[in-house]
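Working notes, beginning with the structure itself.
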Amino acid sequence: DALALKLEKRTELNTELMQAYLEYSESSNFDEREFLRRAVIVRDYGSGVMELGYSSVQLPKDSGFDSDRESLTDEEKEKRDRANLSRSVRRSRAQVRRKVMAGNLDHMLTLTYRENVTDSKKAFSDFKKFVRAVRVHVPGWAYVCVLEYQKRGACHFHVAVKGWQNVHLLRSSWRAVVGDGNIHLKSPFGKYSSNYKWDFAKLAGYLSKYITKGIHSLDSKQRYRVSEGIAIPEHRFIHEFPKFTDFVAELFDSFGVSCSFHWKEENSSHGWACSW
């Protein structure tokens, strides 16, 4: 496609170096003075919506892993576990956001129980049955679904979908599974707005924030579900940029997209930028 051709002209794909980067990206044996080569990931969702992530690449001299991990103190293990949970939440939020944008999903449904269902496994089992029922009438129905707990403790779902929805069909399908429950369309402009279409980048951000809720009661695999067939438009490459060049702005400019936000780590070894 057009983006791939642009990247081909601007970069040198080094498979061996990319493999080394993937294997050793967790290593701390980097030399800041050598941060010239960067592994870059570009995700172009269309309509001027694009994000870019990058990390400096330096092959460490020692590729071994820390053999003393098991000798950590209880405090160190707790700190490690908190860090792992935080990373897991960030990955989940990013995945939800990217899938919504990749699918150009622009409507949001909320699925609720009348009964106080607090078991997330049962809730996701019900949701799976609901999807099967819907696809009898709408084959290939695509979605990104996030579970949230109501104040009373009951599970409910926020579901991003694409385009006009037959809410009567969806509601009857949901009630056929759960008995007494409800589905309604949520508008980006307020409860009583008749315009239910979202900007897909805003919907992606809105839906991903629910991943943080219930962090202590849900693990990363239970927070969301995504239908098959939504492919994230990802292009990975490794390239050497001049040391003091604003290569992020340069890349955005070359794709005809404006960079609205750019975060980078203090020593500029890695960062993330987006157009929204």
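- By the 4.5 Å heavy-atom criterion applied to side chains, Val131 and Ser227 are not counted as neighbours.
- Counting heavy-atom neighbours within 6.0 Å of Arg114 CZ, excluding the residue itself, gives a total of 12 or less.
- Atoms NZ and NE2, from Lys209 and His158 in turn, are 8.5 Å apart once rounded to the nearest 0.5 Å.
- Contact of the His168 side chain with the Ser172 side chain is not registered, since no non-hydrogen atoms from C-beta on lie closer than 4.5 Å.
- Applying the side chain to side chain contact (heavy atoms under 4.5 Å, CB included) test to His184 and every residue at least two apart in sequence or in another chain returns Thr110.
- Put simply, the side chain of Asp126 reaches to within 4.5 Å of the side chain of Tyr113, judged on heavy atoms.
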Could you walk me through whether Phe255 and Val42 pass side chain to side chain contact (heavy atoms under 4.5 Å, CB included), step by step?
CA-CA 11 Å; Phe255 301 138; Val42 174; 4.2 Å; yes
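- With values rounded to the nearest 0.5 angstrom, Tyr196 atom OH is found 11.0 Å from Lys186 atom NZ.
- Judged by distance alone, with hydrogens and angles left aside, the side-chain atoms of Arg236 form no donor-acceptor pair with the main-chain N or O of Ile41 at under 3.5 Å.
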Steps toward side chain to side chain contact (heavy atoms under 4.5 Å, CB included) verdict (Cys145, Tyr224):
CA-CA 5 Å; Cys145 163; Tyr224 69 96; over 6 Å; no
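- A donor-acceptor pair is defined here as one N or O able to donate and one able to accept, closer than 3.5 Å; such a pair exists between the side chain of Ser187 and the backbone of Asn195.
- A donor-acceptor distance shorter than 3.5 angstrom exists from the side chain of Ser260 to the backbone of Ser275, with no hydrogens or angles considered.
- For the atom pair Asn182 CG and Arg175 CZ, the distance stands at 5.0 Å (nearest 0.5 Å).
- Between Val178 and Val117 there is no side-chain heavy-atom pair separated by less than 4.5 Å.
- Relative to the ring axis of Phe124, Arg225 places its NZ or CZ within 45° and under 6.0 Å from the centre.
- With side-chain heavy atoms closer than 4.5 Å counting as contact, directly or through intermediates, the hydrophobic cluster containing Phe261 also holds Tyr45, Val49, Met101, Phe200, Ile232, Trp263, Trp272, Trp276.
- Remark: Asp74 CG is loosely packed, at most 12 non-hydrogen atoms of other residues, nucleotides or ligands lying under 6.0 Å away.
- Trp141 places no side-chain N or O within 3.5 Å of a backbone atom of Val161 that could act as its donor or acceptor partner.
- Between the side chain of Ser208 and the backbone N or O of Val96 there is no donor-acceptor pair closer than 3.5 Å.
- Expressed to the nearest 0.5 Å, how far CD of Gln95 lies from CZ of Arg223 amounts to 13.5 Å.
- Using the six-membered ring where Trp is involved, Phe130 and Phe127 have ring planes that are tilted, between 30° and 60° apart.
- Of the possible polar contacts, one joining the Gln165 side chain to the Gly163 backbone as a donor-acceptor pair under 3.5 Å is found.
- No side-chain heavy atom of His107 sits under 4.5 Å from any side-chain heavy atom of Trp164.
- Between the Lys162 side chain and the Ala142 main chain, no donor and acceptor come within less than 3.5 Å of each other.
- Residue Met50 comes nearest to Asp44 through the heavy atom pair CG-CA, 4.1 Å, listed as atom of the first residue, atom of the second, then distance.
- Side-chain N or O atoms of Trp198 include none that pairs as donor or acceptor with a backbone N or O of Ala204 at under 3.5 Å.
- Using a cut-off of 4.0 Å between Lys/Arg side-chain N and Asp/Glu carboxylate O, Glu51 and Arg97 are scored as salt-bridged.
- Rounding to the nearest 0.5 angstrom, the gap separating the CD1 atom in Ile230 from the CG atom in Leu105 is 5.0 Å.
- By the 30° and 60° cut-offs, the orientation of the rings of Tyr210 relative to Tyr206 is perpendicular.
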Applying side chain to side chain contact (heavy atoms under 4.5 Å, CB included) to Ser125 and Lys129, what does each step give before you reach the verdict?
CA-CA 6 Å; Ser125 175; Lys129 294 173 185 175; 3.9 Å; yes
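- The distance from the CZ atom of Arg132 to the OG atom of Ser173 is 13.0 Å, given to the nearest 0.5 Å.
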